[in-house]
Amino acid sequence: MPEKSAKRLPGRPRQADTDTTIHQTIISAAAALFKEYGYESVSLQQIGNQCGVSKQTIYYHFASKPELFKVAMTTMLHNIRTVTARLLDEADHLEQGLLRLAEARLANPHAEIVTMMREAEKFLEEEQIRAIREAEQDIHDLLADYFRLGMNQQLLREEDPLFLAETFSTLMLMGNRDNASLKYESPHFLGQKLVALFLRGAKAT
């Protein structure tokens, strides 16, 4: 009679579960460090120290620093897209959705992808650059869909919806300014000002 395989002890994580947790922890730590210090200033050792793993463990999960950068940036951008869709979907109307989105973005500013890419691009392969660009474009395309809907409902004047999406995203970069939290009393207050300014130019007359 064949021996029964040993049962996994209750509460003991599966190896795959542990690997997934470590994988996500590395991504989160890398994204935070890249956002704060840029690409070149951050080493794999720093990332390992941040999340409590060795550099060898990072290499087990990611082939190289450029590959980790790509995954960290695309993960961050996909998360931003998910939050953007939820906030706009849950709003009663476009202006409310934009205000909620503005408040969320201004309270948690994300790095300027253009600046980060300018520094990192010379280290990245074409596929890695393309993946990051496409993840950023997905956010603009999502916003453009909502602005197109606003035009169909005659809430917004006829305009290139992608232009409106990129313009709105550019306004949100004000949250990255060092004195933004000091100059404006809250992300909600700054969001109100920016959304009002944006809609003043985009609304149908």
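The residues of the chain are indexed from 1 along the displayed sequence.
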Inset, instruction - Identify the two heavy atoms, one from Gln50 and one from Ala29, that lie closest to each other, and give their separation to 0.1 Å. - result: CG-CB, 3.7 Å
Legend entry - From Thr75 atom OG1 to Ile27 atom CD1, the distance as rounded to the nearest 0.5 Å: 4.5 Å
Inset, instruction - Apply side chain to side chain contact (heavy atoms under 4.5 Å, CB included) to the pair Val53 and Thr25, showing each step before the final yes or no. - result: CA-CA 9 Å; Val53 302; Thr25 300; over 6 Å; no
Legend entry - Hydrophobic cluster membership, Leu164 vs Leu197, 4.5 Å side-chain cutoff: no
Inset, instruction - Please name the pair of heavy atoms, one in Glu40 and one in Glu119, separated by the smallest distance, quoted to 0.1 Å. - result: N-OE2, 2.7 Å
Legend entry - Minimum-distance pair of heavy atoms, taken over all atoms of Met174 and Leu190: CE-CD1, 4.4 Å
Inset, instruction - Check whether any side-chain heavy atom of Met151 sits under 4.5 Å from a side-chain heavy atom of Pro161, and report yes or no. - result: yes
Legend entry - Flag, side chain of Arg105 to backbone of Ile80, donor-acceptor distance under 3.5 Å: no
Inset, instruction - Please collect all side chain to side chain donor-acceptor pair (under 3.5 Å) contacts where either partner lies in residues 132-156, sequence neighbours excluded, each pair once. - result: Asp89-Tyr146, Gln137-Asp141, Asp145-Arg148
Legend entry - Glu95/Lys203 under side chain to side chain contact (heavy atoms under 4.5 Å, CB included): CA gap, chis, key distance, verdict: CA-CA 10 Å; Glu95 184 171 356; Lys203 271 189 174 178; 3.9 Å; yes
Inset, instruction - Please tell me if the side chains of Val42 and Phe69 come closer than 4.5 Å, counting only heavy atoms from C-beta onward. - result: no
Inset, instruction - Measure the spacing between CE of Met73 and CE of Met116 and express it to the nearest 0.5 Å. - result: 4.0 Å
Legend entry - Flag side-chain contact, heavy atom, 4.5 Å: Leu44 against Ile47: yes
Inset, instruction - Rounded to the nearest 0.5 Å, what's the gap from CG on Leu99 to CG on Leu94? Could you check? - result: 11.0 Å
Inset, instruction - Say whether Leu155 and Leu162 are linked into one hydrophobic cluster, either directly or through other cluster members, by side-chain heavy-atom distances under 4.5 angstrom. - result: no
Inset, instruction - For side chain to side chain donor-acceptor pair (under 3.5 Å), just list the numbers for Ser54 and Thr57, CA-CA rounded to whole Å, side-chain angles, deciding distance to a tenth of an Å, and then say yes or no. - result: CA-CA 5 Å; Ser54 66; Thr57 299; 3.0 Å; yes
Legend entry - Hydrophobic cluster identity match, Phe163 and Leu199, side-chain contacts under 4.5 Å: yes
Legend entry - Glu125 atom CD, neighbour heavy-atom count above 12 within 6.0 Å: no
Inset, instruction - Measure the shortest side-chain to side-chain distance between Met172 and Leu101 over non-hydrogen atoms and say whether it is less than 4.5 angstrom. - result: no
Inset, instruction - State, with a plain yes or no, whether a side-chain heavy atom of Phe147 is found less than 4.5 Å away from one of Phe168. - result: yes
Legend entry - Residues, nucleotides or ligands: over 12 heavy atoms within 6.0 Å of Glu126 CD: no
Inset, instruction - Measure the CG-CG distance between Leu171 and Leu98 for me, rounded to the nearest 0.5 Å. - result: 10.5 Å
Legend entry - Inter-residue atom distance Arg130.CZ - Leu124.CG, 0.5 Å rounding: 12.0 Å
Legend entry - 4.5 Å side-chain heavy-atom contact, Leu88 and Leu143: yes
Inset, instruction - Determine whether Lys70 and Glu127 make a side-chain contact, defined as any pair of heavy atoms from C-beta on separated by less than 4.5 Å. - result: yes
Legend entry - Parallel, tilted or perpendicular: ring planes of Phe189 versus Tyr184, cut at 30 and 60 degrees: tilted
Legend entry - Nearest-0.5 Å distance, CD of residue Glu121 to CD1 of residue Ile129: 4.0 Å
Inset, instruction - Flag the pair Lys65 / Phe123 as yes when at least one side-chain heavy-atom distance between them is below 4.5 Å, and no otherwise. - result: no
Legend entry - Cation-pi geometry met for Lys122 and Tyr39 (6.0 Å, 45°): no
Legend entry - Nearest non-hydrogen partners of Arg157 and Gly201, listed with the distance: NE-O, 2.7 Å
Inset, instruction - Provide the closest heavy-atom pair for Ala102 versus Val195 in the form atom of the first, atom of the second, distance. - result: CB-CG2, 3.9 Å
Legend entry - Residue pair His78 / Ala135: nearest heavy atoms and the distance that separates them: NE2-CB, 3.8 Å
